[in-house]
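Written out below as structure tokens is the structure these notes cover.
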Amino acid sequence: MREVDRRLLSAMRDCGTDPRVASAARGLSWCGEHGAVWIAAGLLGAGADHERRGAWLRGTALIGAAHLASMAVKLAVRRGRPQLAALKPLVSTAGRHSFPSSHAASAAAAAVAFGALRPVAHHLVPPLAAAMCVSRLVVGVHYPSDVVAGVLLGGITAGLGAAWMTGPAQMATSASAPLRTPVPTPLHALVAASAVGTVAEGGAAHA
């Protein structure tokens with residue numbers, strides 16, 4: 001399993017030799033640091049969508065919870081960052097531990113939480129979350145198994161909190177802007193995980 005992990009990572013890191021791909025991957029990785037882009041989106045949604053303000057804020061809290069959970073697992077597992085002899089990482093990292101990916105955890109949590117709030121978020125956030133997960137392989141700072149574990153952790157965290165996130169809003173008297181039915185399981189997270197695996201396998205086939 002470890003050898004497969006390393007081979008897939010090497011294939012994905014090779015994609016970063018293209019300057020355009022490297023720039024995109026760096027940008028996504030930077031935006032996702034500590035879940036910043038998702039937390040900012042949640043706060044923006046809370047400010048713009050008054051009828052769902054509480055749900056946006058609780059969704060943002062779930063993203064923060066997923067990030068903190070991933071950090072706790074990292075401290076427990078203490079898996080080191082990948083070391084590829086031929087190619088150095090394209091970005092620096094805030095910590096030395098790799099498993100699970102906190103970027104993937106917060107991205108998957110955002111896909112599940114925000115996807116329940118607005119149709120535009122339902123269609124936009126999961127693909128962006130998947131791209132962010134893949135970016136962590138392209139920049140060479142996570143193994144594929146780190147990313148998949150982060151996706152599952154974030155998706156499960158947000159899925160378990162979905163009823164808490166939307167419950168009070170469903171009891172509100174205003175029905176002018178009904179909430180989407182929340183995702184009870186980490187469906188979007190599994191989609192993101194599948195995207196990681198598909199892209200990685202494709203890169204391995206051309207390595």
If Ile, Leu, Val, Met, Phe, Trp and Tyr residues are connected whenever their side-chain heavy atoms lie under 4.5 Å apart, and connections chain through other members, are [X] and [Y] in the same group?
X: Leu8; Y: Val139; answer: no
X: Val37; Y: Trp56; answer: yes
X: Val134; Y: Val21; answer: yes

Ignoring hydrogens and angles, tell me if any N or O in the side chain of [X] forms a donor-acceptor pair with the backbone of [Y] under 3.5 Å.
X: Arg6; Y: Gln83; answer: yes
X: Ser70; Y: His67; answer: yes
X: Arg52; Y: Asp49; answer: no
X: Arg13; Y: Lys88; answer: yes
X: Arg26; Y: Leu90; answer: yes
X: Arg96; Y: Arg81; answer: no

Nearest 0.5 Å, please: how far is [atom2] in [Y] from [atom1] in [X]?
X: Arg136; Y: Ser101; atom1: CZ; atom2: OG; result: 5.5 Å
X: Arg20; Y: Cys15; atom1: CZ; atom2: SG; result: 12.5 Å
X: Ser106; Y: Met132; atom1: OG; atom2: CE; result: 7.0 Å
X: Ile63; Y: Ile39; atom1: CD1; atom2: CD1; result: 7.0 Å

Starting from the C-alpha separation in whole Å, work towards a yes-or-no answer on ring pair (Phe, Tyr, Trp, His ring centres under 6.0 Å) for Trp38 and Phe114. CA-CA 9 Å; Trp38 310 117; Phe114 294 160; 7.3 Å; no

Shortest non-hydrogen separation from [X] to [Y] and the atoms involved:
X: Trp164; Y: Ala61; value: CH2-CB, 4.2 Å
X: Pro100; Y: Leu153; value: CG-CD2, 4.1 Å
X: Gly154; Y: Ala66; value: CA-CB, 3.9 Å
X: Val141; Y: Ser98; value: O-OG, 3.9 Å
X: Val138; Y: Ala25; value: CG1-CB, 3.7 Å
X: Ala109; Y: Ala158; value: O-CB, 3.6 Å

Run the side-chain contact (heavy atoms from CB on, under 4.5 Å) test on Leu28 and Leu128 for me, step by step, so that the C-alpha distance in whole Å, both residues' side-chain angles and the decisive distance to 0.1 Å come before the verdict. CA-CA 9 Å; Leu28 285 166; Leu128 181 58; 3.8 Å; yes

Hits for side-chain contact (heavy atoms from CB on, under 4.5 Å) against Arg53, two or more places apart or cross-chain, chain-then-number order -> Ala46, His50, Leu57

Tell me, with the steps shown, if Val147 and His103 meet side-chain contact (heavy atoms from CB on, under 4.5 Å). CA-CA 8 Å; Val147 173; His103 278 67; over 6 Å; no

Could you walk me through whether Arg79 and Asp146 pass side-chain contact (heavy atoms from CB on, under 4.5 Å), step by step? CA-CA 9 Å; Arg79 183 184 197 183; Asp146 299 334; 2.7 Å; yes

Could you go through the salt bridge (charged side-chain N to carboxylate O under 4.0 Å, His left out) check for Asp14 and Arg7 one step at a time? CA-CA 11 Å; Asp14 283 343; Arg7 285 176 180 270; over 6 Å; no

Show, in sequence, the C-alpha distance, side-chain angles and deciding distance for Tyr143 and Leu137, and conclude whether the side-chain contact (heavy atoms from CB on, under 4.5 Å) test is met. CA-CA 7 Å; Tyr143 294 104; Leu137 304 176; 5.8 Å; no

Could you tell me whether the side chains of Ser145 and Asp5 share a donor-acceptor contact shorter than 3.5 Å? yes

